[in-house]
Amino acid sequence: MTAVIERDIELLEPQPDKAPGFLARIPRPSFFSWIGIPALVFMALVFIVPLVVILTKSFTDPGPQNFSDAVNSGIFRRSLWTTIKMAFFVTIVCLLVSYPYAYAMARGGKLIVAVLLGALMLSFWTSTLVRTYAWQILLNNTGVINKTLINLGLIDEPIQMIRTNFSVYLGMAHVLAPFTILTLYAQMRTIKPELEQAAQVMGARPSVAFLRITLPLSLPGAAAGGILVFVMALGFYITPQILGSSRDTYIGTAIIQQVQVFLKTGVGAAESLILLGIVLLVLLVAGKFIGIGRILGLNKGE
Amino acid sequence: MTTVRDEIQKETSTVEAMPANETETSLKTAGAWVQLNDIVKLYGSTPAVDGVSLDIPPGQFVTLLGASGSGKTTLLRIIAGFLDATSGQIVIDRKEISRVPVHKRHIGMVFQNYALFPHMTVEKNVAFPLARQKVPRRARKEMIAEALAAVHLTGYENRLPRELSGGQQQRVALARAIVARPRLLLMDEPLGALDRRLRESLQIEIRRLSRDLGLTVINVTHDQEEALTMSDRIALLADGKLVQYGTPEELYSNPSNEVAARFIGESNIFTGTVHGSPRGATLSTSAGQIILPDTASAELNGNEARIVVRPSAVTVVKASAAIDQSVCSMPGTLIANIFAGDSRKVVVDGDHGSELIVRMDASEPFGFEVGEPVVLTWKPSASLAMVA
């Protein structure tokens, strides 16, 4: 029997590299990977070509000073800070809302899971614009919430909710929470319920079992979902535009202004590239720690 | 019931009186006395466990044996506290624990897929129950070392579970289950995921460990060989009901009914009506007359009954051989001759439609051809009669 175990250990040890030639190390595409070619062509046309156009514009229309113009623009610098702050808070709200939701989906009975998943899908299938306007209808000074409170006699004057940070964070979190829910759910699905049961049998109260076992094992999913939402929130335009205050300019708005108001397409292009750079930087740093595949939901979280 | 319990207790005392085993360890505990009284678990109106009562004396290794859907795992989960029984009591050391939450039951458990915490090292895994049960930090180190030594995993403290083989993970799970010195250890198909050789060596090891530690073990399995090898007693379950509770020998040599006979070991079973006096009574079956064993109860007379004959009790003879009238015989055609290493399995197509199995010593010469007409014979005393 010891022989069996020793053999098992041997299998676990990394096999020494046979050091093949450089060319041999490039995997030959299998037959099936050719299926990806149309998608690749499509992506090249609709993504890489415009990117190249923007890149060219930012350096040539009228010249590389676009970047210094962008960085020196007070509006843009303020918008960077406003946007990053917004993305940060939205991420926090998303995670707080999504965690119990995803946990219930991973552990709940059939009925609960069906209801939660249904609500999630409905939210996914509804246009962001519609959902944002729905919040406007709710939060307006003459909106559903204020009217109800006034009619109930709880307040005399409408509470200012629309065009504040509060409404932006709320609306953004609503639009983006499905992404954190799904990444967290994917992670929690890999945590076997027996682990919590085992912890309980060993004397852990359910709350301790959760804190010691479930929470640490779900953190990679939370990190992945958080990064995904943070990055998406950075580039969001519609929702902050509709729900936010005109005094707070977000990156998207700042870029549009350059293009449409100041008619400086080149500066707008430079600002877009700076935004893209920030996103790539965040992904790069996050990818170092939790793996890019996990953030994009490509691999099973284990 | 009382007689059974008395008998069990008598036997337990002899078990306890056995000399101490080779392993001297402070992990030793007195096993818990577990009584299950009329446990019922309903899902809707379907019973998963249907009125099971079991008395498990301290220090016994009891296996809940049954096919999938027999209720064995449900019963184990009720004892652990993951499920609430619809009715019935779980009494451990004379204390009713049905309302005690899982984390206060102080039970050790080995899960089917080990349920090791993947983000903790072996040491942290084994330390987990100690930390939860407020064992002083100073004492933990030694207890962990002792538990790991008991499963021969000293030196693996800083490995992560995924760096271990299946058998090693199983041992860590075992160490973790016994480290806090529970008096009752539950095991849910603990060896199911391992290959046969590893399974067999771990069966022996787990048995040795449980004997050395003196704890009571309730093990769930669908593997009758595992049940026979490891258990002091087997509780055979089918359709949520307790079919038979007894030592492996009892279940094998004296199955209480057809279900037990079919589940434990191979069986040739004949059904028919009993005729004649208790002495020399016969069973009329579609396959002919079969002589009942002398031990058959007189109550069977005139009733439907079954006769169980173990394959190892049957002999194959040439169709032309003269047959003693005092033995049972059954003509047929030899349809398969399977060499299985230590034994030879012979399948015979009975002339009356039934398929019969014979087990014989593989080292003995076998002078028959497949397709040859043969006669199977066995002594009536080697068979077992029961109410149909």
Side-chain angles (χ1 to χ4, degrees), chain A residues 1-15 103 106-111 184 186-224 289-291 294 299-302, chain B residues 77 80-83 101-120 124-135 152-153 156 159 162-169 171 173 176-177 179-180 182 184-186 188 194-195 197-202 204-205:
Chain A
M1 196 203 78
T2 34
V4 173
I5 288 176
E6 272 161 22
R7 206 181 51 219
D8 283 4
I9 294 169
E10 220 169 74
L11 287 176
L12 290 168
E13 275 166 8
Q15 299 296 315
Y103 189 69
R107 290 283 183 275
K110 272 195 186 121
L111 183 70
L184 275 167
Q187 181 74 30
M188 283 172 183
R189 280 285 296 268
T190 67
I191 307 171
K192 295 195 197 88
E194 295 96 75
L195 296 185
E196 287 163 44
Q197 292 177 346
Q200 287 187 40
V201 152
M202 288 182 260
R205 273 177 286 127
S207 58
V208 175
F210 174 81
L211 283 175
R212 298 274 172 171
I213 308 302
T214 317
L215 188 64
L217 287 174
S218 66
L219 281 184
F289 290 103
I290 44 182
R294 200 198 289 274
N299 56 352
K300 286 199 292 172
E302 266 171 29
Chain B
R77 298 174 73 78
F82 299 136
L83 289 174
V102 181
H103 65 276
K104 289 187 178 154
R105 291 194 182 187
H106 197 65
I107 288 172
M109 183 155 176
V110 178
F111 288 78
Q112 193 167 11
N113 294 310
Y114 322 133
L116 297 179
F117 303 135
H119 57 309
M120 295 183 188
K124 292 251 168 64
N125 262 284
V126 179
F128 192 88
L130 299 177
R132 299 287 83 71
Q133 290 164 30
K134 306 274 184 286
V135 174
H152 307 305
L153 274 183
Y156 286 78
R159 302 273 193 109
R162 64 167 170 271
E163 297 166 342
L164 301 176
S165 69
Q168 290 169 337
Q169 292 185 25
R171 290 148 181 274
R176 192 177 66 172
V179 71
L184 173 61
L185 177 64
L186 307 180
D188 183 11
L194 302 173
D195 66 61
R197 267 179 61 200
L198 201 49
R199 205 162 60 217
E200 283 176 355
S201 74
L202 272 169
I204 296 165
E205 210 170 314

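Computed from a predicted model, the values in this text were never measured in an experiment. Proteins come first, then strands; the chains are lettered A, B, ... in the order of their sequence lines, and each starts at number 1.
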Q: Heavy-atom distance under 4.5 Å to chain B: side chain of A:Ala209, backbone, both or neither?
A: neither
Q: Using a 4.5 angstrom heavy-atom cutoff, name the option from A:Glu196, A:Lys192, A:Gln200 with the most pairs to chain B.
A: A:Gln200
Q: Side chain, backbone, both or neither: which part of A:Val201 has a non-hydrogen atom closer than 4.5 Å to chain B?
A: both
Q: Between B:Leu186 and chain A, with a heavy-atom cut-off of 4.5 Å, which part of the residue counts as in contact: side chain, backbone, both or neither?
A: neither
Q: Sequence neighbours excluded, which residues qualify as salt bridge (Lys or Arg N to Asp or Glu O under 4.0 Å) partners of A:Glu194?
A: none
Q: Kindly indicate, with the supporting measurements, whether the criterion side chain to side chain contact (heavy atoms under 4.5 Å, CB included) is fulfilled by B:Gln133 and B:His106.
A: CA-CA 9 Å; B:Gln133 290 164 30; B:His106 197 65; 2.7 Å; yes
Q: Mark yes or no: B:Arg176 above the aromatic ring of B:Phe117, with NZ or CZ under 6.0 Å from the six-membered ring centre and no more than 45 degrees from the axis.
A: yes
Q: To check you understand the geometry: which heavy-atom pair defines the closest contact between A:Ile191 and A:Arg107, and what is its length?
A: O-NH2, 2.9 Å
